[in-house]
**Q** 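Here it is, the structure in full.
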Amino acid sequence: MLVTSHNLFLHCNTKLKKNKDLCYNLLYKIFLKRIIIERIGRIILERYTEDGNFIIEKQKDFILSQTLECGQCFHFVKLDEEDYLISAKSRILHIAQKENRTIFYNTDEQTFDKVWKHYFDLERDYGKIKSILIEKDDRLATAIEAMSGVRILNQEFFETLISFIISQNQQIVRIKQIVAAISSRYGRKGEGIDYFPGATEILAAGEQGMKDCKAGFRAKYIIDACEKYVAGELDEKKLLAADYNEAVEILKSVKGIGSKVANCIALFSLDKRNAFPVDVWIKRIMEAMYFHKETPVTEIEKFGKEKYGELSGYAQQYLFYYGKTLNIGK
DNA sequence: ATCCAGGGAATCG
DNA sequence: CGATTCCATGGA
């Protein structure tokens with residue numbers, strides 16, 4: 001695949017016509033390896049294909065383990081240090097970080113652009129997000145520096161909906177076990193990890209099926225969510241287009257979804273980055289940081305949203321993961 | 001053994 | 001209203 005200067009010109013020209021905000025430059029590096037340097041705002045993504053794998057130069061604000069283990073997603077298998085198998089977006093991804101590179105195994109450029117770039121939120125400038133948050137309150141600096149590789153994933157709505165219904169009053173390790181069990185029994189089989197089933201498959205499994213996967217009293221909540229989902233009452237496109245308050249209200253119409261779970265679903269799958277989920281950890285952490293006494297979760301949620309504004313979700317996630325890792329307030 | 005988990009619904013006062 | 005209790009289940 002020789003690239004002549006004329007081809008380069010044509011390629012750049014079409015790309016620029018496609019999206020004036022994206023500026024593509026093509027370079028040639030070592031042995032015909034095509035390097036694409038993509039600039040999105042202040043973000044530079046240097047990326048190329050090698051042996052069928054897609055590779056990006058590891059970004060400053062992206063650590064795979066932190067992004068996956070921070071409690072926002074539950075459907076992955078750790079193979080090694082910074083080496084994971086992820087089941088998401090009706091796909092399985094083997095991804096690793098080594099020597100300053102992020103490797104998307106067996107992935108082509110098109111799939112990266114269409115699926116994973118957005119999933120890992122790679123278009124977003126986390127350097128800027130962090131500096132604005134620290135400007136709002138420099139007490140966030142410690143948590144942000146410690147968890148600097150966390151990115152908020154753009155996860156698929158239905159799996160996130162069910163996963164966070166399962167999450168209520170449950171430890172993260174068990175949430176993962178139940179998600180894996182539901183996928184294993186009722187989803188499509190994959191290599192090393194299974195796919196999460198759709199609403200139809202879960203409805204066919206029924207409440208008892210969910211109980212068999214150890215969902216306990218949450219089984220009936222899962223069924224209610226699936227019924228509303230297939231009835232079109234929980235439309236992903238509508239919820240994505242809706243503003244934060246609308247989306248949360250619609251989500252709360254499901255039995256078993258209260259404020260915390262609705263905020264998690266809105267934050268992790270509906271692009272509502274001003275959401276502020278308050279769970280037991282955030283309660284402890286915020287009480288230790290700001291209130292210095294027992295405080296109702298409703299008050300903490302209001303306080304967080306007012307303090308961090310449009311970036312509440314990011315602040316929440318840095319604080320949650322940091323506080324939980326250090327056992328703050330416990 | 002006992003407490004508690006990325007909470008929320010049902011019930012009570 | 002706000003406060004309490006119950007819910008399944010197993011990790012720590």
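The chains referred to below are lettered A, B, ... by the order of the sequence lines, with proteins before strands, and numbering in each begins at 1.
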**Q** Atom pairs under 3.5 Å, N or O on each side, protein against nucleotides 10-13 of chain B: can you list them with distances?
**A**
none

**Q** For residues 321-330 of chain A, dump all side-chain donor-acceptor pairs below 3.5 Å to protein atoms at least two apart in sequence or in another chain.
**A**
from, atom 1, to, atom 2, distance (Å)
A/Thr325, OG1, A/Tyr321, O, 2.6

**Q** If the P atom of B/dT11 is compared with that of C/dA8, how far apart are they to the nearest Å?
**A** 14 Å
**Q** For DNA chain C, which residues of residues 272-293 of chain A approach it to below 4.0 angstrom with any heavy atom?
**A**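 Going residue by residue through residues 272-293 of chain A, none turns out to have a heavy atom under 4.0 Å of DNA chain C.
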**Q** Pick out which of A/Glu249, A/Lys305, A/Lys272 makes a side-chain hydrogen bond (donor to acceptor under 3.5 Å, both in side chains) with A/Tyr244.
**A** A/Lys305
**Q** Starting at the 5' end of DNA chain B and moving along, which residue's nearest nucleotide shows up first, A/Val254 or A/Lys330?
**A**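 Comparing both residues, the 5'-ward one is A/Lys330.
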**Q** Rounding to an integer number of Å, can you tell me how far A/Lys176 NZ sits from B/dA5 P?
**A**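 In whole Å, B/dA5 P and A/Lys176 NZ are 18 Å from each other.
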**Q** Using a cut-off of strictly less than 4.0 Å between a heavy atom of the residue and any atom of DNA chain B, enumerate the qualifying residues of residues 210-226 of chain A by number.
**A**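 Residues of residues 210-226 of chain A under 4.0 Å from DNA chain B: A/Phe217, A/Tyr221.
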**Q** Near DNA chain C, counting only heavy atoms under 4.0 Å, which residues of residues 140-171 of chain A show up?
**A** A/Asn169, A/Gln171
**Q** Counting only heavy atoms from other residues, nucleotides and ligands, does the tally under 6.0 Å from NZ of A/Lys128 exceed 12?
**A** no
**Q** Taking the same atom, P, in C/dG10 and in B/dA9, what whole-Å distance lies between them?
**A** 24 Å
**Q** Can you sort out the partners of A/Phe54 under ring-ring contact (aromatic ring centres under 6.0 Å, His included), two or more places apart, ordered by chain and number?
**A** A/Phe112
**Q** If the condition is ring-ring contact (aromatic ring centres under 6.0 Å, His included), which residues does A/Tyr318 pass it with, not counting sequence neighbours?
**A** none
**Q** Are A/Asp125 and A/Arg42 close enough for a salt bridge, meaning some N to O gap below 4.0 Å?
**A**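 Yes.
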**Q** Give a yes-or-no answer on whether the side chains of A/Arg273 and A/Tyr314 include a donor-acceptor pair shorter than 3.5 Å.
**A**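 There is such a pair (donor and acceptor under 3.5 Å, judged by atom type) between the side chains of A/Arg273 and A/Tyr314.
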**Q** If you draw a 6.0 Å radius around CD in A/Gln208, do more than 12 non-hydrogen atoms from other residues or ligands fall strictly inside?
**A** yes
**Q** How many Å lie between CD on A/Gln177 and C1' on B/dA5, as a whole number?
**A**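 Computing the A/Gln177:CD to B/dA5:C1' distance gives 13 Å.
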**Q** Salt bridge or not between A/Lys78 and A/Asp80? Use side-chain N to carboxylate O under 4.0 Å.
**A** no
**Q** Between A/Glu38 and A/Lys117 (salt bridge meaning N to carboxylate O under 4.0 Å), is one present in this structure?
**A**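 Here A/Glu38 pairs with A/Lys117 in a salt bridge, since their nearest N and O are under 4.0 Å apart.
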**Q** Angle class for the A/Phe76/A/Tyr84 ring planes (parallel below 30°, perpendicular above 60°, tilted otherwise)?
**A** perpendicular
**Q** To the nearest Å, how far apart are A/Lys252 NZ and B/dG7 C1'?
**A**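 Whole-Å distance recorded here is 12 Å.
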**Q** Take atom NZ in A/Lys302; do more than 12 heavy atoms of anything else shown fall under 6.0 Å from it?
**A**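 No - once you tally the heavy atoms of other residues, nucleotides and ligands closer than 6.0 Å, there are 12 at most.
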**Q** Give A/Gly256 one of three labels, base, sugar-phosphate or nothing, depending on what nucleic acid heavy atoms sit under 4.0 Å from its own.
**A**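 A/Gly256: backbone/sugar contact only, no base atoms under 4.0 Å.
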**Q** So what does A/Ile257 hit on the nucleic acid, given a heavy-atom distance under 4.0 Å: a base, only sugar-phosphate, or nothing?
**A**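 Contact class for A/Ile257: sugar-phosphate only.
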**Q** Quick one: which residue pairs count as a ring pair (Phe, Tyr, Trp, His ring centres under 6.0 Å) with a foot in residues 195-242 of chain A, not counting sequence neighbours?
**A** A/Phe158-A/Tyr229
**Q** For the residue pair A/Gln155 and A/Ser269, confirm or rule out a side-chain donor-acceptor distance under 3.5 Å.
**A**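 A/Gln155 vs A/Ser269: no donor-acceptor pair found between side chains.
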**Q** Once side-chain hydrogen bond (donor to acceptor under 3.5 Å, both in side chains) is applied, what residue pairs with a partner in residues 140-149 of chain A remain, sequence neighbours excluded?
**A** none
**Q** Quick check for you: name the first and last nucleotides of DNA chain C, 5' to 3', having an atom under 4.0 Å from a heavy atom of chain A.
**A** C/dC7 to C/dG11
**Q** Sort by first number and list every stem of DNA chain B: at least 3 consecutive Watson-Crick or G-U wobble pairs, both distances under 3.5 Å.
**A**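 Output for stems: B:2-5 with C:9-12, B:7-13 with C:1-7.
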**Q** When you check the side-chain N and O atoms of A/Glu159 and A/His75, is any donor under 3.5 Å from an acceptor?
**A** yes
**Q** For A/Thr295, give me all partners under side chain to side chain donor-acceptor pair (under 3.5 Å), at least two apart in sequence or on another chain.
**A** none
**Q** Taking the side chain as every heavy atom from C-beta outward, state whether A/Ile35 and A/Glu46 have any pair of such atoms under 4.5 Å apart.
**A**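 With C-beta onward as the side chain, the pair touches.
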